[in-house]
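Please read the structure below before turning to the comments.
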Amino acid sequence: MNQEYLPPADPLASIVAPETQRLAARMSQDIFTGILHRLVSPGADDERSLDDIARRCQQWVQAGDDECARSLRLVLLVAGLDQWGLAYSQAFGLNAIPALSGLLGKLRNPLDPVADSRFQRYHAQLEQDEATAIDFKIDLRRGIHLALWHAMSACDDDAAAEPLVRTLGSLLLALEKQMPELGWRLVADALASLQVALLAGDVGEIGQRGTQQLFSALRHALPAERYRLILATSAQAVLAWQQARRQGE
């Protein structure tokens, strides 16, 4: 990566700080993981559980400093949950995740017209401005990509892993297309995360082959110069991780 390159500043970082953005990304992952657990092992108290989750989310949202901060916190949570749902629906062929839809309704429905207008304004800015909440976007995508990669690596055979490899490739290519200026950085971060996971964990042949297929698909689908930039950037991140690990040891 060109060391002189500086990404544009996040226009909303003064409203919700980067560390809070990253917390929102991790919260959306934890909440979605819990929803998936209920999907495979439903119980009679599902509605009460959703009420409890929604209440905890609202408590975190209300901890914002002002109305703008509270609205943006809610936008990040809702956007994160929505992105997790879309990724898993694509990967596993789910037509709907009722518990997720129910939770999103519980978070959005109580908004009055003024709060809803503010929510929609921030949500539109999040989607249209690449730099908006960039720390949230990076952590969110890293979590999604790693979760799908781990699911792929845990498959019993290549046939089961193939749809997950295809979904990962599709998500990364879509990200690079949707964010012409910064998307490649998120893709590089994802590839670095996968390589670190390979180096740090005991990954079987299926996971290794799936990862190789993913890199190969990206190499053929992306312009050569862009792929080299992504690969070089991810390699720097992996090298930094290896150096930090050796120092720690």
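When a residue number appears, it is its place in the shown sequence, counting from 1.
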Counting C-beta onward and ignoring hydrogens, is there a side-chain heavy-atom pair between Leu171 and Leu175 closer than 4.5 Å? no
Any side-chain heavy-atom pair from Ser234 and Asp189 closer than 4.5 angstrom? no
Mind checking salt bridge (Lys or Arg N to Asp or Glu O under 4.0 Å) for Arg26 and listing every partner two or more places apart, or none if nothing turns up? Asp139
So CG of Leu231 and CH2 of Trp184: to nearest 0.5 Å the spacing works out to 12.0 Å
Any donor-acceptor N/O pair, Arg142 side chain to Ala190 backbone, under 3.5 Å: no
Inter-residue atom distance Asp10.CG - Ile134.CD1, 0.5 Å rounding: 8.0 Å
Is a side-chain donor or acceptor of His220 paired with a backbone partner of Ser216 at a separation under 3.5 angstrom? yes
Please evaluate residues Gln62 and Arg73 with respect to the criterion side-chain hydrogen bond (donor to acceptor under 3.5 Å, both in side chains), reporting the C-alpha separation (whole Å), side-chain torsions for both, the decisive distance (0.1 Å), and the verdict. CA-CA 9 Å; Gln62 292 304 313; Arg73 281 183 175 218; over 6 Å; no
May I ask you to decide whether Lys106 forms a salt bridge with Asp51, counting only side-chain N to carboxylate O separations under 4.0 Å? yes
Can you tell me how far CG of Leu182 sits from NZ of Lys137, rounded to the nearest 0.5 angstrom? 8.0 Å
Quick one: CD on Gln21 to CG on Leu72, what's the gap to the nearest 0.5 Å? 7.0 Å
Under-4.0 Å salt bridge between Asp65 and Arg70: no
Roughly how far, to the nearest 0.5 Å, is CG of Leu164 from NE2 of His150? 13.0 Å
Rounded distance [0.5 Å steps], CG in Leu103 versus CZ in Arg108: 12.5 Å
Partners passing side chain to side chain donor-acceptor pair (under 3.5 Å) against Gln212 (at least two apart in sequence or in another chain): none
Excluding sequence neighbours, so at least two apart, what forms side chain to side chain donor-acceptor pair (under 3.5 Å) with Glu205? Arg209
